[in-house]
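Quick note on labels: first sequence line is chain A, next is B, and so on, each numbered from 1. Note that this is a predicted model, so its numbers are computed, not measured. Every heavy atom of this structure was used, including side-chain atoms; hydrogens, water molecules and symmetry mates were not.
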Amino acid sequence: MTDPASTGPSDFIREIVAADQATGKHGGRVVTRFPPEPNGYLHIGHAKSICLNFGIANENPGGICHLRFDDTNPTTEDPEFVESIQDDVRWLGFDWHGKKFYASDYFERLYEFAVVLIQKGKAYVDSLTADQMREYRGTLTEPGKDSPYRTRPVDENLDLFRRMRAGEFPDGTHVLRAKIDMASPNINLRDPVLYRIRHAAHYRTGTAWSMYPAYDYAHPLSDAIEGITHSICTLEFEDHRPLYDWVVAESEAAHRPRQIEFARLNLTFAVMSKRKLLELVTKKLVAGWDDPRIPTIKGLRRRGYTAEAIRAFCDHIGVAKRDAIVEMQLLEFFIREDLNKRSPRVMAVLNPLKVVIENYPEGTAEDMEAVNNPEDPAAGTRRVPFSRVLYIEQDDFREDPPKQFFRLAPGREVRLRYAYIVKCTGVVKDPQTGAITELRCTYDPDTKSGSSQEQRKVKATIHWVSAAHAVPAEVRLYNPLLTTDPTKVSPDQDWTQSLNPQSLERLTGCLVEPSLKQASAGARFQFERTGYFCVDPDTSPNGLVFNRTVSLKDAWSKIEKTQKPS
RNA sequence: UGGGGGAUCGUCUAGCGGUAGGACGCCGGCCUUUGGAGCCGGCUACCUAGGUUCGAUUCCUAGUCCCCCAGCCA
């Protein structure tokens, strides 16, 4: 038996690559590419593709994965996106080793290929309007019919195409189309558009061009030019493959890449479409591309996700052709698993409840020794100040404790983590509202953490902070952005209606242990018993701000739910 | 009612004619100064119907269901 941990991911695409390597199909070369269009930020779905393409390249000796910006539509693309994409790929831990390309680099060569196509009688300039073209295209069940311009002489096509480039015609007046088969049952083969006129400035080529190549033309040729061996894309391009192959073959490129399709990633309760993500950002329904509630790489990163966790997730969801929706819990599992090993533990009280230890001397404090990470002895220990007045979590006290509630209640004992066992002796309430404002407790000096007298067992240990030493902080809790399954929302209704109004909970009165005072943006911690948190860039000298990356698994909340069936 | 794909535990995924496996999740238990982590055990699946075969999730046939395609988006 081989150790599954040492074999790495395996899937049908890697099998194809391995088979090609075995037969020497590409002379031992493995060249993949990640080809984003710079019209938005990368999200977790792109991460799957990145891990696949760069992963395959990394696994094969001499393999390489190109980063190519598929920038053939100047109206939606922007250098801001180019920057963010590069940043995200690097952050995820991948390197294109200088192989960074742009489809726009190939515009001149693409033009030359197109001229050859025209000369061969394989492409023509069509002057139908967009509406007419739609009519001529036919339907799913009826064949299309030839455009009257389909038989335009080569010389005229050449002249028109040259003048399209020169900018002589307004948008929409002409297109260059492949001459394939208007009766093909595959609609993509019914003379697809190769070039369209667009008098728009391109972020890289400026106004040099007044027409731009279409994806179906630029993409296969870009792959061929770069010597891509395996061109991996998502399922919706499956029926474009005959066109992909046609373009490569007709252009007589020296190299023949193979397109292979796989199912894109879907995640429960996550907004994954580029269109919707853009809508959230532009309508300011979220704070930006890095809002921790959206599954962009920037959002996940700000939320506290690690590149390692995202990569582990991508390696474990697999690559296949069936449509699938991965449960968010799986992503959460991988971030918990990673953070459990690496993040230092601290005590932080999110919803403070004041506790006075009546028999503890006033005006003094003692330092308690706390373990930084029980999973990593090398992380050492730290000192946490303890004193007479503390704060504990409101959830850790119940005046009328339900069954199986092990925490503090009148007359009950709990251990204060790394400190003493305390007993609740009294409850102080607001005379007007009846709300609990303070707990009175006594402590047992013989039960100090780590002391030799420490024999007594209590059912629960709770976290705390010392009132005189604690540091105030804001804590942001994130809940799913969508209240309903995104795939269940009918296309004609406004999907933003299903946004969860409680997706962001800002807790402003939190108190954290003093060791956190100097924590800098990006630092990750486990708040004991609560979850994993990271310092948000909004943190300033005026105050700490934490994001909850993910909660800890919570056995009590499950018990509680079964107790009160609603 | 054209064409292209796909159907295996609740979810994701393996299987390549020979005991249907893993992960997440869920349910028990152990352990625990985090109701965390860890450990142990359990749960649930081959879309249907025929056929080939000693033997079918796998091969064949016919169905059923799901996804994608009628942008001058990618």
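- Nearest nucleotide to the A/Arg322 side chain, out of B/G35, B/G6, B/U34: B/G6.
- Both tests hold for A/Arg204 against A/Tyr102: distance to the six-membered ring centre under 6.0 Å, angle to the ring axis within 45°.
- In this structure, of B/U33, B/C68, B/U1, it is B/C68 that holds the atom nearest to the side chain of A/Asp239.
- Taking atom P on both nucleotides, B/C9 is separated from B/G15 by 16 Å, rounded to a whole Å.
- Per the geometry, OH belonging to A/Tyr41 stands 21 Å off P belonging to B/A74, to the nearest Å.
- A donor-acceptor pair shorter than 3.5 Å cannot be found between the side chains of A/Glu77 and A/Tyr203.
- Comparing the C1' positions of B/C46 and B/C65 gives an interatomic distance of 16 Å, to the nearest angstrom.
- A/Glu37 and A/Thr76 share a donor-acceptor pair across their side chains, judged by distance under 3.5 Å alone.
- Considering A/Tyr532, A/Phe527, A/Phe533 in turn, A/Phe527 is the only one that fulfils the ring-ring contact (aromatic ring centres under 6.0 Å, His included) rule with A/Phe546.
- Checking B/G36, B/C72, B/G10 against the side-chain heavy atoms of A/Glu375 singles out B/G36 as nearest.
- No hydrogens or angles were tested; on distance alone, nothing pairs the side chain of A/Gln329 with the base of B/C12 as donor and acceptor under 3.5 Å.
- Between A/His463 and A/Arg417, the side chains place no donor N or O within less than 3.5 Å of an acceptor N or O (distance only, hydrogens not considered).
- Closest approach to the A/Arg134 side chain among B/U34, B/G35, B/G71 is made by B/G71 (side chain taken as heavy atoms from C-beta onward).
- Taking only distance into account, the side chain of A/Gln404 never meets the base of B/G35 through a donor-acceptor pair shorter than 3.5 Å.
- B/A62 and B/C69 are spaced 27 Å apart, taking the P atom of each and rounding to whole Å.
- Contact annotation: side chain of A/Thr461 to base of B/U34, donor-acceptor pair absent below 3.5 Å.
- The listed nucleotides are B/G6, B/A74, B/C69; the one nearest the side chain of A/Asn188 is B/C69.
- Distances shown here put every side-chain N or O of A/Arg68 at or beyond 4.0 Å from the OP1 or OP2 atom of B/A74.
- Checked against B/C72, B/G35, B/G36, the side chain of A/Val175 finds its nearest nucleotide in B/C72.
- Going from the P atom of B/A49 to that of B/C16 covers 24 Å, rounded to whole Å.
- Within the 4.0 Å cut-off from OP1 or OP2 of B/G35, not a single side-chain nitrogen or oxygen of A/Lys558 is found.
- Spacing between B/G51 and B/C43 at atom P, rounded to whole Å, works out to 33 Å.
- Contact annotation: side chain of A/Gln526 to base of B/U34, donor-acceptor pair present below 3.5 Å.
- For A/Ser127 and A/His174, the side-chain atoms include at least one donor-acceptor pair closer than 3.5 Å.
- Where A/Trp556 and A/Ile187 meet RNA chain B, the nucleotide closest to each residue was compared, and A/Trp556 sits on the side nearer the 5' end.
- For B/G35, one of the phosphate oxygens OP1 or OP2 lies less than 4.0 angstrom from a side-chain nitrogen or oxygen of A/Arg529.
- With distances taken from any side-chain atom of A/Ala320 to the nucleotides B/U13, B/G10, B/G35, the minimum falls on B/U13.
- When the P atom is compared between B/C30 and B/C66, the two are found 47 Å apart, to the nearest whole Å.
- With hydrogens and angles ignored, no donor-acceptor pair under 3.5 angstrom links the side chain of A/Glu238 to the base of B/G3.
- If A/Asp323 and A/Thr530 are placed on RNA chain B by their nearest nucleotide, the residue sitting closer to the 5' end is A/Thr530.
- There is no side-chain donor-acceptor pair under 3.5 Å between A/Glu332 and A/Tyr305.
- The partner of B/U58, taking Watson-Crick or G-U wobble pairs whose two distances both stay under 3.5 Å, does not exist in any strand shown.
- Nearest to the side-chain atoms of A/Arg345 among the listed nucleotides B/U34, B/G5, B/A70 stands B/U34.
- Regarding A/Leu416, its CG atom lies at a distance of 13 Å from the C1' atom of B/U34, rounded to whole Å.
- With a 3.5 Å ceiling on both atom-pair distances, the Watson-Crick or G-U wobble partner of B/C39 is B/G29.
- Taking atom C1' in both B/G55 and B/A20, one finds a spacing of 15 Å when rounded to whole Å.
- The CZ atom of A/Arg548 sits 16 Å away from the P atom of B/G36 (whole-angstrom rounding).
- In this structure, of B/G35, B/A74, B/C68, it is B/A74 that holds the atom nearest to the side chain of A/Phe237.
- Rounded to whole Å, the separation between the P atoms of B/A7 and B/G41 comes to 32 Å.
- Aromatic stacking of A/Phe406 on B/G35: satisfied, with centres closer than 5.5 Å and planes within an angle under 30 degrees.
- Dashed line: the shortest gap from a side-chain N or O of A/Ser10 to OP1 or OP2 of B/A14 is not under 4.0 Å.
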Would you please test A/Lys341 and A/Glu337 for salt bridge (charged side-chain N to carboxylate O under 4.0 Å, His left out) and show each step? CA-CA 7 Å; A/Lys341 285 179 294 194; A/Glu337 184 185 52; 5.2 Å; no

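- In terms of phosphate contacts, A/Arg415 brings no side-chain nitrogen or oxygen within less than 4.0 Å of OP1 or OP2 of B/G35.
- In this entry the distance linking CZ of A/Phe34 with C1' of B/A74 reads 13 Å, nearest Å.
- With B/C72, B/G36, B/C69 as the candidates, the nucleotide lying closest to the side chain of A/Asn340 is B/G36.
- Using a 4.0 Å cut-off, no side-chain N or O of A/Arg264 falls inside it from OP1 or OP2 of B/C68.
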